[in-house]
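All chains are named by letter (A, B, ...) in the order of the sequence lines, taking the proteins before the strands, and each is independently numbered beginning at 1.
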Amino acid sequence: MADSVSREEVAVISNTDITSTESENNIINTMVERGTALLRKLEINVAEAEKRTGKNTVNMQETYTVYLIEIRPAETEGGTPAAPDTLWRRYSEFELLRTYLLVTYPYIIIPPLPEKRAEFVWHKLSADNLDPDFVERRRVGLENFLLRVASHPVLSNDKIFFLFLTEEKGWRDAVLETGFQDKADSRLKSLSAMFRVKNPDKRFTALKQYSDELNSVISQLLRIRARVADRLYGVYKVHGNYGRVFSEWSAIEKEMGDGLQSAGHHMDTYAASIDDILEEEEHFADQLKEYLFYTDAVRSVCRKHELIQYELEMAAQDLAQKKQQKEELATGTVRIFSLKGMTSKLFGQESPEQKESRLAALEQSIQEGEETVKEKNTECQEFVRAAWDDIEHFKEQKDKDLREALISYAIMQISMCKKGIQVWSNAKECFSKM
Amino acid sequence: MSGHTVPADFSEHMLDLDEDEDLEVFTKNTSLPDGSPLPNSPSSMVNQYRLEDDDEGKEDANTKDIFVTVDHPESQVTAIETFILYRVVTRTTRSDFDSSEYEVRRRYQDFVWLRSKLEEKHPTLIVHPLPEKFVMKGMVERFNDDFIETRRRALHRFLNKISEHPILSYSQHFQVFLTAQDLAPHRKQGPGFLSRMGETVRAVANSVRGLRSRPEEFAVMQEYVDDFSNKMCCMDKVSQRIIKEQREYVDDLKQYSPTYARWGELEEELTEPLKGVASCVVQCSKEAEEHIQHLSEVLVPALHEYVLCAETLKAVMRRRDNIQAEFEAKNEALLTRKAEQEAQLQEEVDVLADRMEQANNSLKGDWVRWQHSMKTDLRSAFISAAEKNVEYYEKCLAVWESFLVSQRAEAGGGQEDVA
């Protein structure tokens, strides 16, 4: 019975304003193909956004937005949808969750959050975080984030994630209790450290390069889009001036008056239509932005791998050095400079007892070193295996999502053209009747 | 506004006089482009004409009996100046023309001369405006190809408007303009600069007091003319602004395609749709550029022409006012003169009264004709612009639809099995 529920894997986005193009190209389809345990059981929505004011950590009044998360058991066949469990979360809590995931699963490409501040903005769009359009787009982005995590084969099983969706009050403590903060510090160090790996893994090198270039190309695309949006806005809005002049002109004409007047209305319609058009295009920009931010996550996985590889190499190098030292000590030849060696030369050979104890210490050190190398090796192999699994999964997802995005962009362009044809055909009719 | 005294504005008369035009009178005559001496007999003129197909005006073939074209602009260089000569070809069945076909070469100054003669003879008829001497913004160079072409079209329209005018097309000056190989001897005849000056002075003298009141219908006309002029200027400005914005839009739009192409090279699975989008953008940019071109060539010149028409209308109203003012001044003089001058003054007043009545009637009649013509012209320009917009969107639609089709065809096989 439970298995037949697999039909209900479709997670629903509760925003009913979704356009047909959006539902057609709903990326949820991609996620749900993975058939994860969590999504089989739950529907997750970020339903609303609300403004709150409260005291922040430095005891100052601030206004912030909270988002309502709704959890509902997935619909069973013939059953009525149950009332959702709900809780409120603000953006900083999402950030905390994500940081936790980044630290805990360094080999996973963690889905990105929607941007903290509006960037790549074209002039009419507000860069204000409290602007209702921005809040709405962020709501969609946050829901998207949760669904991506919930459909991930590894991340969806995480307990902290589950608590994020279910425990409003106790969640923060639970996260901090995991002690991920300590790992967070070391992770930050790893990301910013400069080190060079002797034998880089070619696959990861290629992936990092791809990710950097993708980042650059998407950034450029978003910049161009903002400029083009500005220009197009200008073109459409100037036609509104036609509307005004036609209307005034119609007042002084007898025969031409009606035709001019109605043509003027169509010009006004044309000018007004750009607002909706550009709003739809914003959705496409958001899809691009998601993958722009994904490139950061990819890069961070590559960096983490580099670090592990480097640590492995360092451990192996260290072990080799120690083995060499032991050999020299045992055979008496000094090939590597060491202070002990020099001082013994200067002040005379050490006693056999001293030599024995030093050998023993080295032996111990070598054994520990071998353990370390073995550990690091395993760690590295595990990392590579898990990471590469996830990377393949990511690539498939990316190809599908972006293809869908390009198709929906084409659909948008078509819709814009159809509107244009409509308006100008109407205007032409008015002119003909003049 | 009726009821107010309106000072007749004479300054327009002054500004109409083109300084260069006077120079024209004193420069050397040029010979024909091929170097042969100027013909001076009708028969030799006939021999000059090249027979060519005139594909203009076939639509109005029922009522039109004269067809004029302006084409083949050619640069002429002399010691003193450089100017453009346009070829003017006339075909007519009118009996008052000696021949049925004429070909002459005219320069811009010649058109100016013709127009001023027509206005002189018919001060209250609405004579279609000429293109401006210079366009202030954008085109500084007189001999830029676009400028010449725009001017040629406007000159062509000008002559066609004259030829369609029920009164002006029978003007002797018009006939001379179309037929005389050398216009120079004709230009020296008739009231010249000085006499026009004298007229202006008289007008000023008589109208210093201003107009008593305008008859209602002309007051209404004046109001309309002022409003119309404003509207046309606005329309002209808005259209030019739209073209500017669209140009900037296309420039930015073009940057999409190399970026999408670059992305396409980065990817494997996505290469094909990305390159598809890049190609769509390129095609849409081309369509947009064509659209802009059409606007510049059709809508903007039409609107600009009517901006100039509005100025013509204002001048006509002023001239009519002057004629009325002259009559009123003379009439007043009559009322206050002594008995012995009465008879002569009465005669003068009667002449001026007739003149005024004729002027008013001419204007009334021509007003109707002009309004109708304006409506036809502007309607046609707007329809054309709207059609071009529809066409532009239809073409872009086709581009994106074919992209969609190609994507769906690709995806068709494997993507239908989502649970």
Side-chain angles (χ1 to χ4, degrees), chain A residues 6-7 9-10 29 32-33 35 210 213-214 217-218 220-221 224-225 227-228 230-232 234-235 237-239 241-242 244-246 248-249 251-253 255-256 259 263 395 398-400 402-403 406-407 409-411 413-414 416-421 423-425 427-432 434, chain B residues 223-224 227-228 230-232 234-235 237-239 241-242 245-246 248-253 255-256 259-260 262-263 266-270 273-274 276-277 280 284 371 374-375 378-380 382-383 385-390 392-397 399-401 403-404 407-408 411 415 418-419:
Chain A
S6 63
R7 264 216 292 131
E9 283 168 15
V10 179
N29 292 332
V32 172
E33 272 176 47
Y210 165 79
E213 284 180 30
L214 185 64
V217 93
I218 293 183
Q220 189 167 2
L221 218 49
I224 295 172
R225 190 206 79 92
R227 272 204 305 270
V228 171
D230 255 335
R231 298 289 186 211
L232 196 61
V235 170
K237 286 301 177 191
V238 177
H239 280 85
N241 292 355
Y242 268 155
R244 194 178 46 81
V245 179
F246 276 148
E248 290 170 7
W249 183 7
I252 63 170
E253 296 289 344
E255 284 174 46
M256 285 167 71
K395 278 184 181 170
K398 165 197 66 104
D399 286 341
K400 184 138 199 242
L402 289 174
R403 186 187 214 105
L406 291 172
I407 287 174
Y409 181 74
I411 291 174
Q413 296 300 309
I414 287 171
M416 178 172 106
C417 289
K418 283 187 177 161
K419 281 182 192 168
I421 290 170
V423 163
W424 285 103
S425 302
K428 181 184 161 186
E429 247 193 77
C430 295
F431 292 137
S432 307
M434 256 168 35
Chain B
E223 238 190 277
Y224 173 86
D227 287 334
F228 180 80
N230 284 339
K231 298 311 147 213
M232 280 302 106
C234 281
M235 286 295 298
K237 278 195 201 125
V238 171
S239 305
R241 176 86 189 276
I242 285 178
E245 296 281 342
Q246 284 189 325
E248 289 176 351
Y249 165 69
V250 171
D251 286 341
D252 281 328
L253 188 68
Q255 297 187 25
Y256 266 142
T259 312
Y260 273 114
R262 185 178 139 214
W263 186 0
L266 211 56
E267 298 286 342
E268 290 156 10
E269 288 295 308
L270 287 176
L274 286 168
V277 169
C280 285
C284 286
Q371 284 217 301
M374 180 268 286
K375 189 179 87 161
L378 291 181
R379 179 174 64 194
S380 138
F382 290 143
I383 289 175
E387 272 175 354
K388 194 62 190 174
N389 264 292
V390 170
Y392 160 71
Y393 280 115
E394 279 176 347
K395 287 193 179 149
C396 289
L397 180 74
V399 163
W400 287 106
E401 270 185 345
F403 168 78
L404 265 193
Q407 291 309 303
R408 286 199 168 133
Q415 302 297 337
V418 176

| query | Does the B:Arg379 side chain pair with the main chain of A:Met434, one donor and one acceptor, at a distance under 3.5 Å? | reply | yes
| said: Need one label for B:Phe228: side chain, backbone, both or neither, based on atoms under 4.5 Å from any heavy atom in chain A. | reply: both
| request: With a 4.5 angstrom heavy-atom cut-off, could you sort out which part of B:Ser239 is near chain A: side chain, backbone, both or neither? | output: both
| With under 30° as parallel and over 60° as perpendicular, where do the rings of A:Trp424 and A:His239 fit, or are they tilted in between? | perpendicular
| task | Identify which part of B:Val238 has an atom lying under 4.5 Å from any heavy atom of chain A, answering side chain, backbone, both or neither. | result | both
| Given the options B:Arg241, B:Glu394, B:Lys231, which has more heavy-atom pairs under 4.5 Å with chain A than any of the others? | B:Lys231
| request: Mind telling me whether A:Phe246 and A:Trp249 have parallel, tilted or perpendicular rings, with 30° and 60° as the class edges? | output: parallel
| field | Per-residue contact mode, B:Phe403 against chain A (heavy atom under 4.5 angstrom) | value | side chain
| said: Given heavy-atom pairs under 4.5 angstrom as the criterion, report whether the side chain, backbone, both or neither of B:Ile242 touches chain A. | reply: both
| Modelled atom types, side-chain donor and acceptor of A:Arg231 and B:Gln246, under 3.5 Å | no
| field | Least distance between heavy atoms, B:Leu270 atom then A:Asp399 atom | value | CD2-O, 3.4 Å
| Check against salt bridge (Lys or Arg N to Asp or Glu O under 4.0 Å), B:Glu267 and A:Lys398 | CA-CA 11 Å; B:Glu267 298 286 342; A:Lys398 165 197 66 104; 2.5 Å; yes
| field | Under 4.5 Å from a heavy atom of chain B, the part of A:Leu214 involved | value | both
